[in-house]
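Proteins come first, then strands; the chains are lettered A, B, ... in the order of their sequence lines, and each starts at number 1.
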Amino acid sequence: MKQLDRLPENAMSSELRRRIFENNELKGAFQRRGSTSVVTHRIFSQSTYDVQFTPPSPVGTLKVNQVDVEFIPDDKTFGGAFCYRMLIVALDTNNQPLAGVQPEIERKPVVDGRQRWSVYHTSFGYAGDTARLKFYFFTLGSGTFTANVIT
Amino acid sequence: MVRALSDARQVSRERKGSPQRTSGASMAFIASESPAAFDWSGRLDTVNSFSGAGYAGLTITLTSKRARVPLTDIAITVYYSTDGVNWSEYTYARGLAENYAGTPPAITRFIDVLQGAEVEPYKSKYSLQLYGVLNSRVAVKVQGIGSDELEISVVRTV
């Protein structure tokens, strides 16, 4: 806002200008003037964990566990919400954080507005290789997600 | 009159369904790709002096159309070819499995986000390192995902 906009006689033009910006955005135009902050979301399920990987047998067998994850924005009218980061917490069978387990996250190309990742966890068949994963999506808008274990 | 306009603005805001004054309830994302089938192709012909494996280091630069500081991420698809003519996708999972089993071409990839003060406005930079059996033929397709349209450039640096 300019200094002159504070004068009472300029209030209307200032008001109109702001109104025009808002209307532009209602039309779905590119955001011209971002506010200093945007509303962000952390989306996760109500479950303690979303997927569980069980170790292969016998011990010593290599298995690359894979789960494909998709974030689907609620409202795609204006292009849908962007998920900037997907983070994972790994838990053991007692639902305690699993030390030293960092599943690898690969971002996959967007298909049809769905933002996708594949997550890999390597297991060698030891009992301690059981991992439960919980997903967190940091997004600029609301949405839902699905997790699909690849067998 | 001003009052009426203010009221109208409030209605607009409510229609947007958001406490955000100048953006919608979601900040939209845009997925950008170059028209080319691959953004880079070549051989893993730089020798890693420790393991004898080959590698290639690429710098990926995304340039946004409008946003000075775009929020971005990249999705990489890697392709592999034995003859340089027929290409097929080489999955991340295959790379992991072959790397553990010692089966060629055992291509693995690592992405680093190069975000520092030296990265100019409108740009996002990433480093992609590809490792595998020496001289493997690989190609890379990049999708830039972010809060703006992105132009993609891939340069081999190592």
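Cluster partners of B:V133, using a side-chain heavy-atom cutoff of under 4.5 Å among ILVMFWY residues and allowing indirect links: none. Applying the under-4.5 Å side-chain rule to Ile, Leu, Val, Met, Phe, Trp and Tyr, the cluster around B:F38 extends to B:Y79, B:W87.
With values rounded to the nearest 0.5 angstrom, B:D73 atom CG is found 8.0 Å from A:W117 atom CH2. Distance CD1/A:I105 to CD1/B:I111: 11.5 Å, rounded to 0.5 Å. Considering OG1 of A:T139 and CZ of B:F29, their distance stands at 11.5 Å, rounded to 0.5 Å.
Contacts of residues 52-66 of chain A with chain B at a heavy-atom distance below 4.5 Å involve A:L62, A:V64, A:Q66, listed in sequence order.
Of the atoms belonging to A:R85, it is side-chain heavy atoms, and not backbone ones, that fall under 4.5 Å from chain B. Heavy atoms closer than 4.5 Å to chain A are found nowhere in B:T91, neither backbone nor side chain. Both the backbone and the side chain of B:A97 come within less than 4.5 Å of a heavy atom in chain A. Only the backbone of B:I74 comes within less than 4.5 Å of a heavy atom of chain A; no side-chain atom from C-beta onward does.
Hydrophobic clustering (side-chain heavy atoms under 4.5 Å, transitive across Ile, Leu, Val, Met, Phe, Trp, Tyr) groups B:V78 together with B:L58. Under the 4.5 Å side-chain heavy-atom criterion for ILVMFWY residues, a single connected hydrophobic cluster contains both A:Y49 and A:V89. One hydrophobic cluster, built from ILVMFWY side chains closer than 4.5 Å, cannot hold both B:L134 and B:I107; they sit in different ones. No continuous path of hydrophobic side-chain contacts links B:I30 to B:I60 [ILVMFWY only; heavy atoms under 4.5 Å]. Linking Ile, Leu, Val, Met, Phe, Trp and Tyr residues whenever their side-chain heavy atoms come within less than 4.5 Å leaves B:V119 and B:L71 in two separate clusters.
Pairing each heavy atom of B:I145 with each of A:R107, the nearest pair is CD1-NE, 3.4 Å. Taking both residues in full, the closest heavy atoms of B:A75 and A:P109 are given as CB-N, 3.4 Å, listed atom of the first, atom of the second, then distance. Considering every non-hydrogen atom in both B:Q143 and A:K108, the closest pair reads OE1-O, 4.4 Å. Nearest heavy atoms, A:Y120 versus B:A93: CE2-CB, 3.6 Å.
Atom CD of B:E89 has more than 12 neighbouring heavy atoms from other residues, nucleotides or ligands inside a 6.0 Å radius. The 12-atom threshold is exceeded at CD of A:E9, counting heavy atoms of other residues, nucleotides or ligands nearer than 6.0 Å.
Within the structure, ring-ring contact (aromatic ring centres under 6.0 Å, His included) pairs that include any residue of residues 127-147 of chain B comprise B:Y55-B:Y131, B:F110-B:Y131 (at least two apart or interchain).
Ring geometry for A:F124 versus B:Y100: interplanar angle over 60°, hence perpendicular rather than tilted (30 to 60°).
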